[in-house]
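Remarks on the structure that follows.
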Amino acid sequence: MKRNIALTGMMGSGKSSVSQELSKLLPDYNLVDIDSEIEKSTNKKISEIFLKFGEPHFRMLETDKIQKFVYGKNQIISLGGGAFEDEFNRKIILENCLVIYLKASPEEIYRRIKNETHRPLLAKKFSVERIADIIKRRSPNYEKADVIVDTDNKTPYNVAEEILGVMNG
Ligand code: S3P
């Protein structure tokens, strides 16, 4: 059994809320949210980092944080939606974590995040089509996860229970 659990998937696929539910069901695990760790150590919001320093700089900070946590144990690691695109990130995450891809349809993601404003990659041209485009581009990598869980029409608690079932099964 791998030492950690990592959640990947598109923005709005429920990584943060599912990881919180999962950590209630797994009290011995430590919950780590990579975006929050970046915000804590830079004292800046993700959107501000994108705006001031650009995406490549954000990706460097993201890899740094992944490296910092991935070699630990008993952690639930909630990744940013783009973290699994990078080959090096993917390699170290897959080596050290049971990776769960939270899959959601573009329509469901649109519904979940239409009232949020903090996601720089969706700030412009926000639409179901734009979300579908990103999913299409990223799915070959998301699908390299160990487990794929469909999240449409499920609560974060339902999804967390399903993950637990996979772990115990
Ligand atoms: C990103 C997703 C965001 C955050 C950053 C980039 C992406 O995290 O890491 O805005 O490339 O999909 P969430 O998936 O938690 O929104």
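Heavy atoms only: backbone and side chains are in, while hydrogens, waters and symmetry mates are out. Remember, it's 1-based here, ligands and their atoms both numbered in the order they're listed.
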**Prompt:** Considering only heavy atoms, does E85 approach ligand 1 within less than 4.0 Å through its side chain, its backbone, both, or neither?
**Reply:** neither
**Request:** Walk me through it: do S139 and K103 pass the test side chain to side chain donor-acceptor pair (under 3.5 Å)?
**Result:** CA-CA 9 Å; S139 353; K103 195 172 176 178; over 6 Å; no
**Request:** Please answer: with hydrophobic residues joined when any side-chain heavy atoms are less than 4.5 Å apart, are L51 and I38 in the same cluster?
**Result:** no
**Numbered atoms of ligand 1 (with element) below 4.0 Å of G80, judged on heavy atoms** = 8 (O), 9 (O), 14 (O)
**Complete:** If you scan protein heavy atoms around atom 14 (O) of ligand 1, the nearest is K15 NZ, 2.7 Å
**Fill in**
For atom 3 (C) of ligand 1, the closest protein heavy atom turns out to be D35 OD2, 3.5 Å
**Message:** Out of all atoms in ligand 1, which are within 4.0 Å of some heavy atom of R59? Include the element for each.
**Reply:** 6 (C), 7 (C), 11 (O)
**Asked** Below 6.0 angstrom between ring centroids: does that apply to F126 and Y110?
**Response** yes
**E85 and N141: CA distance, side-chain angles, deciding distance, side chain to side chain donor-acceptor pair (under 3.5 Å) verdict** = CA-CA 6 Å; E85 282 297 284; N141 286 328; 3.3 Å; yes
**Asked** Counting only heavy atoms not in F50, do more than 12 sit closer than 6.0 Å to its CZ atom?
**Response** yes
**Item:** Residue and atom name of the nearest protein heavy atom (relative to atom 10 (O) of ligand 1), distance in Å to one decimal
**Value:** P120 CD, 3.6 Å
**Prompt:** Nearest protein heavy atom to atom 16 (O) of ligand 1, by residue and atom, and its distance?
**Reply:** R119 NE, 2.8 Å
**Message:** So if I apply the side-chain contact (heavy atoms from CB on, under 4.5 Å) rule between Y101 and each of E143, K144, M10, which one comes out positive?
**Reply:** E143
**Identified side-chain contact (heavy atoms from CB on, under 4.5 Å) partner of P156 from the options V18, L102, L22** = V18
**Prompt:** Which atoms of ligand 1 are found less than 4.0 Å from any heavy atom of I46?
**Reply:** 5 (C), 10 (O)
**Prompt:** So is there a nitrogen or oxygen of G82 less than 3.5 Å from a nitrogen or oxygen in ligand 1?
**Reply:** yes
**Asked** Does even one non-hydrogen atom of R138 get within less than 4.0 Å of ligand 1?
**Response** yes
